[in-house]
Number of protein chains: 2
Amino acid sequence: MSTSLHHRAVEHLGTRIVGGALPTGHVMLAEHLEDELNVSRSVVREAVRVLQSLGLVETIKRVGIRVLPAHRWNPFDPLVIRWRLAGEGRGAQLRSLAELRSAVEPVAAELAAGNAPGSLRQELVGISLAMKEAGDAGDMATFLDLDIRFHALVLSGSGNEMFANLIGQVTETLTGRTVHGLMPEHPQKEALQWHMDVAHAIDAGNGAMARDAAAKIMRQTIAELAPSWDDQPRVFVPVSRN
Amino acid sequence: MSTSLHHRAVEHLGTRIVGGALPTGHVMLAEHLEDELNVSRSVVREAVRVLQSLGLVETIKRVGIRVLPAHRWNPFDPLVIRWRLAGEGRGAQLRSLAELRSAVEPVAAELAAGNAPGSLRQELVGISLAMKEAGDAGDMATFLDLDIRFHALVLSGSGNEMFANLIGQVTETLTGRTVHGLMPEHPQKEALQWHMDVAHAIDAGNGAMARDAAAKIMRQTIAELAPSWDDQPRVFVPVSRN
DNA sequence: GAGTTTTGATGTCAGCACACATCGGTGTCA
DNA sequence: TGACACCGATGTGTGCTGACATCAAAACTC
């Protein structure tokens, strides 16, 4: 009971919409939601306002609260991402995040080589060495922790707040990959080397080298994960013409 | 007066927080906001809930509504981006968006080469040709329209909903660049060729070539824009250690 | 079929009870 | 006398409710 009614209402509706239980175009009445959730109008209205700001619903006078199509949802919102990962969109969401990572991390590494503060560069080098140790020793728990921190530091070191904001999502994919047994017993030897290459290139201020090494890591990551989402259909949103 | 009170309240508070008029840590009272905006408590509370979901404020019992530091804001939310572009964070926001573009578009082009529907590939080729015509003729208005549609199609054709969601932001940077006179009189000859290369590579299903050509466009774009934000300080968010 | 009225939903307002973190006073103990 | 723990007053967000305003869809009139 520690979570507020507002929080529970947002969560309830969000999971049901993103999870597909409430299909696109489905119309709800605020009054009906009050009964269903056993809460007052204020709670329902505040929750609906939040979902509206996420692009999940729209309110229309004289009609009610309508569920919007998925392409209107804000795919970068942490709530939406979490709800998708928890529901039937999990595969597609993981693919999207992996592709986003593969795009962002090389550029983040390149920027970090040019901008990151000295202390961050040194910590990065240290972590890459510790990763190699843990990897060679087969200590996958420690390796995962170091891996997460490594990629978080690269994103943070880019000095781009949008990249830094992806730390949470990247962490999610890294832990998810390990938890779901998609990681090899030992990390690939090349991957360990590439992490060290990224760290040393950033430390040396060599942007191109950092970018290329990070790109190699991403290519391998994608190659490992791709089979698990081969069956996920892709959605092509039509581009408005004006 | 057609906009709702709720919308105006969100807008008023959002612009003032993101614009820096309300500094980090500033505490407001709901009651005070009612007077300031001349609205009732419901409106204030619903607006605060939305801003809370964007990470702009937090509410603390017995204290009030506190403005959160910028690194807690959701940098991908369209509202936050718009408010930053309208305020003093404009330069930093444009740089962030440009860097995000430079990361995403090459990968989007690569994915489009592998996944985009046939009709989209053909339209892309047609647009790249029309861009060359308009560019050679110096018709910059038409060129801008085509340019916007070109990049929107690439992002859409990737089949990644996160990439497709960036269409609006990319459009903003492209128009902004032209409106603020950062575009050359005539588009660079190479840029026109690269756009055609991207289109033809996607049409031919050659992912690597599409990626490389798109990367060249991005490198040139960054090089053109970089001088305008050289003075913008970068912010490095510390990475939580656990 | 065009224009008008009715209806029913959200939008907005105002007042109340409650939970609870903070502050300050009071009491106890050393 | 001073330090510290306790405890109640206070103020503010949370949640509930009844009433009215607004506006667009639907029904109705001509």
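Letters go in sequence order (proteins before strands), and every chain restarts at 1. Scope of the values below: all heavy atoms of this structure, side chains included, with no hydrogens, waters or symmetry mates.
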Under the side chain to side chain contact (heavy atoms under 4.5 Å, CB included) rule, what do B:Glu123 and B:Arg149 come out as? Steps first, then yes or no, please. CA-CA 10 Å; B:Glu123 186 179 355; B:Arg149 186 159 181 82; 2.6 Å; yes

CG of B:Asp147 to OG1 of B:Thr178, rounded to nearest 0.5 Å, is 7.5 Å

CD1 on A:Ile81 to CG on A:Leu166, rounded to 0.5 Å: 8.0 Å

Are B:Asp77 and B:Arg84 ion-paired here, with the side-chain N under 4.0 Å from a carboxylate O? no

Listed in order of residue number, which residues of residues 33-49 of chain A have a non-hydrogen atom at under 4.0 Å from DNA chain C? A:Arg45, A:Arg49

So, B:His12 and B:His7: side-chain donor and acceptor under 3.5 Å apart, yes or no? no

Going by atom types only, do A:Glu11 and A:Trp83 share a side-chain donor-acceptor pair under 3.5 Å? yes

Nearest-nucleotide check on DNA chain D, A:Lys61 vs A:His6; residue mapping nearer the 5' end is A:His6

Contact nearer the 5' end of DNA chain D, comparing B:Ile60 with A:Val63: B:Ile60

Classify the ring geometry between B:Phe76 and A:Phe76 as parallel (under 30°), tilted (30 to 60°) or perpendicular (over 60°). parallel

Output, in order, the C-alpha distance, side-chain angles, deciding distance and verdict of side chain to side chain contact (heavy atoms under 4.5 Å, CB included) for B:Leu155 and B:Val104. CA-CA 8 Å; B:Leu155 291 172; B:Val104 164; 3.8 Å; yes

Given D:dA24, D:dG13, D:dG11, the nucleotide with the shortest approach to the side chain of B:Arg62: D:dG11

Integer-rounded Å distance: [N] [atom2] and [X] [atom1]:
| X | N | atom1 | atom2 | result |
| --- | --- | --- | --- | --- |
| B:Leu5 | D:dC23 | CG | C1' | 14 Å |
| B:His32 | D:dG13 | NE2 | C1' | 17 Å |
| A:Glu31 | D:dT17 | CD | C1' | 13 Å |

For DNA chain C, note the earliest and the latest nucleotide, 5' to 3', having some atom under 4.0 Å of a heavy atom belonging to chain A. C:dT7 to C:dT12

